[in-house]
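Written below as structure tokens is the structure these notes are about.
Just follow the structure's listing: the first ligand is 1, and inside any ligand the first atom is 1. Atom set for the values below is all heavy atoms of this structure, side chains included, hydrogens, waters and symmetry mates excluded.
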Amino acid sequence: MSSNGVRTVRPTSAGQLAALQSGELPRPERVADKVWAIAAPIPEGSVTYTLSYVLVSADSASFSILDPGWDSPVNLDALHRSLGLIGLTLERLSTIVATHHHPDHLGIAATLKAMTGARVVLSREERAVLTHQLSPELRSPASYTPVLEAWGVPVAHRAELLAAFARPPVFSDIEPDLMLDNGDVLDLGGHTLTAVATPGHTGGHLCFADDERGLLYSGDHVLPQIHSGFGLGSLPADKPLPDYLTSLQSLQRFGGYEVLPGHEFRFRGLDARAADICSHHLRRTQRIADLLPELGDAPVWDYARRTHGPGWSRLSGFFLHAALRQTEMHLDLARSGPAVLGALTEAASAGRAG
Ligand SMILES: [Zn+2]
């Protein structure tokens, strides 16, 4: 993830903003009637916690949790503590909902399910993505070597890329009790959430809209400052970049909602933020499109080297893989033609104006 420093959003929680700036975990806070935000610590990396949401039922007899976070004793302790502060205990957990399969969102779901018997809810598409991501063939040299060849990766770099790619995934399998498709309505007892398919970050990512409260649970699809990226788990036939841009534009009807994201802080100003994210990615696509007349059918490696600047030679392992993969997705979009790129750019600037 990288920050672009653009501030188009209006933070709606001074506490979450202050915690982010001081590097502390935000305290549990009430977001709306029967809705709480709590922080779920992440063990390593630049993003140090997930924002999880606790949705208490109308009769207060049970609650659901959206994106419970990393599977670790530290996070389980934090969850116990946060629930205690808002007068709840884990025994009353009835439903676990995840926006997508990443370990900082779905991670601890299986542990919580084993402890409490709570049902787990995930999108049908994301279930397929999870299966694909866990398949051993995906990490075999036999499947990755042809990719490296197609990308034009020099032989000297192939061994380190193969080693980085072969590492086992940091998430495990889980069988959801309920799988959702776009538009499905989830009744959580006083919280009616509509599933909004937002493929891109992952192939089966869902946002959830609470029309009654005017809230959009956005997972990692839209964050207030960070670019969460796209294509971080998808099916082979997916087109993560065009999907992501289209998904950003599909949120227009929630422009007036308060956004409850998976990281950083809650905010208003969804339209402008979605347009900024679109523009950011389209600028990168345009830089690659500008090289097409010169580089033509050259492999991904050549385009990546030219567009990454002086930091390119220092990239290795997973980061080199990620740079190549991102370049490939931008190149695919650039090669799909100026009409497609133009239409997306126009849509992004229309969103910004609105
Ligand atoms: Zn995340």
query: Got a sec, which residues hit side-chain hydrogen bond (donor to acceptor under 3.5 Å, both in side chains) with R284, two or more places apart in sequence or on another chain?
result: none
message: Just checking: H263, one of its N/O/S atoms, less than 2.8 Å away from the Zn ion (ligand 1), yes or no?
response: yes
statement: By ring pair (Phe, Tyr, Trp, His ring centres under 6.0 Å), W301 pairs with (sequence neighbours left out) H157, W312
- prompt: With respect to the Zn ion (ligand 1), what is the nearest N, O or S atom of D220?
  reply: OD2
Aromatic plane relationship, H105 with H100 - under 30° parallel, 30 to 60° tilted, over 60° perpendicular: tilted
message: Any N/O/S atom, side chain or main chain, of D104 closer to the Zn ion (ligand 1) than 2.8 Å?
response: yes
task: May I ask you to check whether H105 brings an N, O or S atom to under 2.8 Å from the Zn ion (ligand 1)?
output: yes
message: If hydrophobic clusters are built from ILVMFWY residues whose side chains come within less than 4.5 Å, do V222 and V31 share one?
response: yes
